Amino acid sequence: MKLNLSCYLVTDSTPAILKGRDLCSVVEEAVKGGVTIVQYRDKKSDTGEQIQIAKRLHQITQAYGVPLLINDRVDVALAMGAEGVHLGQDDMNIEEAKKLLPQDAIIGISAASVEEAQKAIAAGADYLGLGTMFATPTKTNTKSIIGTAGTQAILDAISETGREVGTVSIGGINVSNVQRVLYQSQAPSKGLDGVAIVSAIMAADDPQAAAAEFVELIGSPPPFARVLAAPVRETAAMVDAVPSIVQKVVQAHPLVHNMINFVVANFVANVALSMGASPIMSPYGDEATDLAQFDGALLINMGTLTSESVANYLKAIKAYNSRGNPVVYDPVGAAATHIRRGAVKQLMTGGYFDLIKGNEGEIRQVSGSSGVTQRGVDSGPSSLDGQGKARLARDLARRERNIVLLTGATDYLSDGTRVIAIENGHELLGQVTGTGCAVGTVSGCFLAANPSEKLLAVLSGLLMYEIAAENAAAKEGVRGPGSFVPAFLDELYAIRQSALKGENGWFEGRAKVKEVLLD
Ligand code: 3NM
């Protein structure tokens, strides 16, 4: 019978988790709730006691037809006849365990890297416990936090071996992040078979209900992935569709919730109004639950980060993610200070971004490159040519399973498969603060109104924005940044008025867009 690893319970006998309850009754509740496999993990009890407890657990798991594995202790598993063992990297090695255990025993191995995973597979592991996914108070001596990106890299390498092996992720998984963990860990050719959970079930007031909730969540895609993607259009067909998308947005008048820096808030709100959206500026995370009900977009722009920002962002991201409404991340100054580098990590592990938008330095930092230098919020010296930028955008989008927009004189937009280079815009945009930040807001509005074609949505918003800038710069009386701003707002408004009437003249022959072929 094939192992069902989908909802994998790992036990914990510490008082903080059990809170005076009996281990076996907590496990029985969890099994009733639907966990598909149980691992008895007990780092404290003596051998004799462990065997007794394992026997009692086995009676429960057998009654429900669920396998029981023993953590670390091959001797305990042998003494009471468990279905198998789970071994960490510091436990007995798999070759030795195989000599002792019956042939059909299930053997799982913890792996935190591609090398550990490959070695375990070569030695004949039945499944791998991949982690640590997120930092967790349940086990603090973990080696490395690998996140969804690290997990995906391991899954990718495993699929290359061509060997059938089960995989579960472990560490810090709970009901708010489990669907995202499964979604974002998915490599093109292989996804996780399940998740392993300790505290979110073992410490729950109602372990049966908690397990049942996990089973339900594991079996369905996250809300942000529920909108069925429309059939993919060729790049040329996408460009042709831009005016109709702009029309849809100005008619929809979407709400955009901006958690934005104080330097540009006023300008960005005016851009949103001019182009036909409804902006609200709210840095207060607790407000997001109400605001998310309007099914608009959320923008996280960390340009004036404070000690309170990240906690507020995380609350808001959770509210929008759980409704499946778009979230845009503008990691302003991502590499500038260690505080911002830390914020990037926290946010990237704390939620899903439909779009990440930034300059080269910011996108490199978000991707995890080391040694990125940013002086303030500017991009810093470029180290990449066009192909390099296109690849950076594509690889991040592929890893995060979202859209990435790398801005600059040429913008690179990718959905992880295709990269589109956009040459529109005007150099005066670079002379006015907030013009980059407003792209995040505009993109959010377009994503909210076009959730089934995210790449086209962001492309359309960017083209509306950059063509308006070109029109403004060409206006008589525009002599520099000061006179450019009002003209720019007017031109956004003019395109909006045309689009409302269904007129496409503003767009004809204007898009400077081409697909980048990566070698
Ligand atoms: N092993 P929770 S993390 C038992 O990284 C264990 O190998 C880990 O607990 C690893 O679900 C972990 O409460 C604890 O976060 C997971």
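It should be emphasised that the depicted structure is a prediction, and the values quoted were computed from it without experimental measurement. Whatever order the structure lists them in is the order used to number ligands and atoms, beginning at 1.
Remark: distances from the non-hydrogen atoms of G172 to ligand 1 include one below 4.0 Å. Residue-ligand proximity: M133 is placed with every non-hydrogen atom at 4.0 Å or more from ligand 1.
The proximity of T132 to ligand 1, defined as any non-hydrogen pair under 4.0 Å, involves the side chain as well as the backbone.
For the pair T136 and ligand 1, the shortest N or O to N or O distance falls below 3.5 Å. Residue-to-ligand polar distances keep S110 apart from ligand 1: every N/O pair is separated by 3.5 Å or more. Taking distance alone, with nitrogen or oxygen atoms compared against 3.5 Å, V198 approaches ligand 1 more closely than that limit. Distances between N or O atoms of T138 and those of ligand 1 include at least one value under 3.5 Å.
Listed by number with element, the atoms of ligand 1 under 4.0 Å from a non-hydrogen atom of G131 are 5 (O). Close contacts of ligand 1 with S199, meaning ligand atoms under 4.0 Å from a residue heavy atom, involve 2 (P), 11 (O), 13 (O).
A donor-acceptor pair shorter than 3.5 Å cannot be found between the side chains of S369 and S367. For the 3.5 Å distance criterion, the side chains of Y320 and H257 qualify, holding a donor opposite an acceptor.
Using a 30° and 60° split on the angle between ring planes, Y183 and F224 fall in the perpendicular class, above 60°.
Protein heavy atom closest to atom 7 (O) of ligand 1, with residue, atom name and distance, is I170 CG2, 3.8 Å.
Between Q179 and L217 the shortest heavy-atom distance is NE2-O, 3.2 Å.
Ion pairing between D415 and R398 fails under the 4.0 Å rule for side-chain N and carboxylate O.
Residue Q62 places its CD atom among more than 12 non-hydrogen atoms of other residues, nucleotides or ligands, all under 6.0 Å distant.
Of the listed residues (K139, K43, K143), the one carrying the non-hydrogen atom nearest atom 14 (C) of ligand 1 is K139.
For the side-chain contact (heavy atoms from CB on, under 4.5 Å) with I260, the lone residue among V332, D330, T304, L299 that qualifies is L299.
Counting only distance, with no hydrogens or angles, the side chain of Q152 and the backbone of A187 share no donor-acceptor pair below 3.5 Å.
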